[in-house]
Amino acid sequence: MKSGRAQRPPQRVIPIVAAPSGGGSCSPERQPRGMLALAGAWLRDHAALLRKLQWAVVLVYAFLLIIPACLPLPEDTARMWDNLTIFAQFVFWGIWWPFVLLSMVLFGRLWCGVLCPEGALSEWAARKGMGKPIPRWMRWGGWPFVAFVLTTVYGQLVSVYQYPKAALLVLGGSTVAAIAVGFIYTRGKRAWCRHLCPVNGVFGLLSKLAPLYYRVDEAAWKASHERTPAVDCAPLQPLRHMQGGSGCHMCGRCSDHRGAIELSLRSSSDEVVRVAEKEADGWQTALIVYGLLGVAMGAFHWTMSPWFVALKQAAAEWLVDRDIMWPLDTEAPWWLLTHYPQHNDVFSWLDGASLIAYVAATALVLGTGILISLALAVIASGRWRTQRLHHLAQALIPLAGCGVFLGLSALTVTLLKTEGFGMHWVNDARLALLAGANLWALRLAFGILSRWNGGLRRWTALLPFCGALALVDCAWGFMFWWW
């Protein structure tokens, strides 16, 4: 006989699961969705393994950087497979740096969060160090531009691509600075990477094109009432309001935090067209226009430019006519100007000054021409706003990134030719990459202009933007001809 009291349905028993390490939260009722989200959770849950991988990269980096600098310079007959110095040169400048840049476009700043030796050392030092707050001077927005320009020009003055001592000075000096900044500032964070790293700005721009990013659902974040520990975000990102991937190091520590963050796919145009509409600023424009498309172009040009030779010759004649001989002196130390007499590679003070003048003139002429073209495009769109100029400049990121990749990979090609590899197809591949970068830039520009105006105005504004592309293409045309 049944009781008159209503029976309760059997209750569902939910086991208690410990929150995964790294600040994430992944309860049985809210698992990450999709393979990408699971990949993000894997990165979060295997932080210890990733740290071991980072230290392995640090050891390889230190070995290839320090040992060749202690060895005699290779003879002209030495080759990559029988000489550690040339092998290290190929690894660093022929493979490492070009393909790190490419990885930014494909995977975002995964290199920074998972593999970068400087980032790992800086964060390690910050966990052991003084823990001081980040000072105001370090937060200045111009450091990415200034650091990139100074490092690029100084690297050319000491021939960083050619000589191991110069590579140790530039790369090793940057690493020492990263450790020092980490030791002094913050507690376990990457202040160096966020503010002072010479390639931080470049990586931030290129990662805007990546199809992978950590999507933040602010509504889910707000709706979550779980008491979870804060995420240990090394690059100090404002996770709740993070819209793009330019500052994210893709380490996965925040994956599924409060059920609101997961690794996702997006359109490769989304961050440039939508997010950059408000976030683009003058320093990013300077880095794109005068840095990546100006200074970098001059740095790649000068070694084969007849204009550089003419500039130096005219300056030398002027000095000799006036009996001013000290600028022709070649006794500058190797850490200030290239000085390797055993290889007949010695810079005079005039060489250094001519190099700086040529790179500065290239950046000024080319960058200003591009900036004028962008300004005309904004005016043609119907309404002038400075923010629109900065936004439209972001459309040039594919072309800027392609240019740096082509310039760095030139050493890859040279070393492979020396080893006897047939490289007849290279110029065709370069042209194809440049054409693809132009089309990508046009697509981004069209998307940006379409947010401002429809109809004929966006097509009219696209014409001066094409003028900016033409200026860059002409500069690369000279490079292809010289190559």
Side-chain angles (χ1 to χ4, degrees), residues 69 72-76 85 89 93 145-174 198 286 289-369 403-404 406-408 410-411 414 474-483:
L73 289 175
E75 300 294 332
D76 293 337
T85 300
Q89 181 188 27
W93 307 115
F145 172 73
V146 172
F148 173 79
V149 170
L150 292 179
T151 304
T152 300
V153 174
Y154 181 65
Q156 295 299 308
L157 291 173
V158 297
S159 298
V160 68
Y161 301 145
Q162 286 76 33
Y163 297 106
K165 284 185 178 179
L168 178 59
L169 178 63
V170 175
L171 297 180
S174 176
V289 173
Y290 287 104
L292 293 171
L293 294 174
V295 169
M297 184 69 73
F300 295 137
H301 262 207
W302 74 270
T303 55
M304 57 188 76
S305 170
W307 301 322
F308 173 76
V309 175
L311 169 68
K312 189 174 71 170
Q313 186 66 30
E317 291 175 359
W318 188 90
L319 291 169
V320 171
D321 288 344
R322 287 156 181 79
D323 200 28
I324 305 173
M325 305 305 294
W326 68 264
L328 305 179
D329 180 59
T330 58
E331 295 305 315
W334 67 268
W335 47 266
L336 192 57
L337 292 174
T338 300
H339 187 83
Y340 301 94
Q342 65 272 43
H343 281 252
N344 296 316
D345 193 5
V346 177
F347 278 17
S348 66
W349 296 106
L350 176 61
D351 290 324
S354 299
L355 190 158
I356 293 172
Y358 183 84
V359 171
T362 302
L364 186 63
V365 172
L366 187 58
T368 302
V404 177
L406 290 176
L408 289 174
L411 181 61
T414 301
C474 286
W476 278 111
F478 284 116
M479 286 288 286
F480 292 156
W481 181 64
W482 289 327
W483 278 334

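Here the structure is a predicted model, which is why all the values come from computation and not from measurement.
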> How about E75: does its CD atom have over 12 heavy atoms from other parts shown lying under 6.0 Å from it?
Replying inline: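 Open.
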Gap separating the [atom1] atom of [X] from the [atom2] atom of [Y], nearest 0.5 angstrom:
X: F300; Y: Q156; atom1: CZ; atom2: CD; result: 7.5 Å
X: W326; Y: L319; atom1: CH2; atom2: CG; result: 8.5 Å
X: I324; Y: W318; atom1: CD1; atom2: CH2; result: 4.5 Å
X: Y154; Y: I356; atom1: OH; atom2: CD1; result: 11.5 Å
X: K165; Y: L73; atom1: NZ; atom2: CG; result: 7.5 Å
X: L350; Y: T330; atom1: CG; atom2: OG1; result: 11.5 Å

What are the two closest non-hydrogen atoms of [X] and [Y], and how far apart are they?
X: A363; Y: Y290; answer: O-CD2, 3.3 Å
X: Q162; Y: Q89; answer: CA-NE2, 3.5 Å
X: G352; Y: L337; answer: CA-CD2, 3.9 Å
X: A316; Y: L328; answer: CB-CD2, 4.5 Å
X: G367; Y: V289; answer: O-CG1, 3.0 Å
X: V295; Y: V359; answer: O-CG1, 3.7 Å

Look at the side chain of [X] and the backbone N and O of [Y], then say whether any donor-acceptor pair between them is shorter than 3.5 Å.
X: T362; Y: Y358; value: yes
X: T85; Y: A69; value: no
X: H301; Y: A475; value: yes

>> Test of understanding: with salt bridge (Lys or Arg N to Asp or Glu O under 4.0 Å), list the residues that count as partners of K312, not counting sequence neighbours.
In response: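 If we apply the salt bridge (Lys or Arg N to Asp or Glu O under 4.0 Å) test to K312, skipping adjacent residues, the hits are D351.
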>> Holding to ring pair (Phe, Tyr, Trp, His ring centres under 6.0 Å), I want the full list of residues that pass it with Y163, two or more places apart in sequence or in another chain.
In response: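 Counting only residues at least two positions away or on another chain, Y163 forms a ring pair (Phe, Tyr, Trp, His ring centres under 6.0 Å) with Y340.
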> Looking at residues at least two apart in the chain, or sitting in another chain, which of them share a ring pair (Phe, Tyr, Trp, His ring centres under 6.0 Å) with Y161?
Replying inline: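 With sequence neighbours excluded, Y161 shows a ring pair (Phe, Tyr, Trp, His ring centres under 6.0 Å) to W93, given in chain and number order.
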> So D345 and F347, side-chain contact (heavy atoms from CB on, under 4.5 Å) or not? Walk me through it.
Replying inline: CA-CA 7 Å; D345 193 5; F347 278 17; 4.0 Å; yes
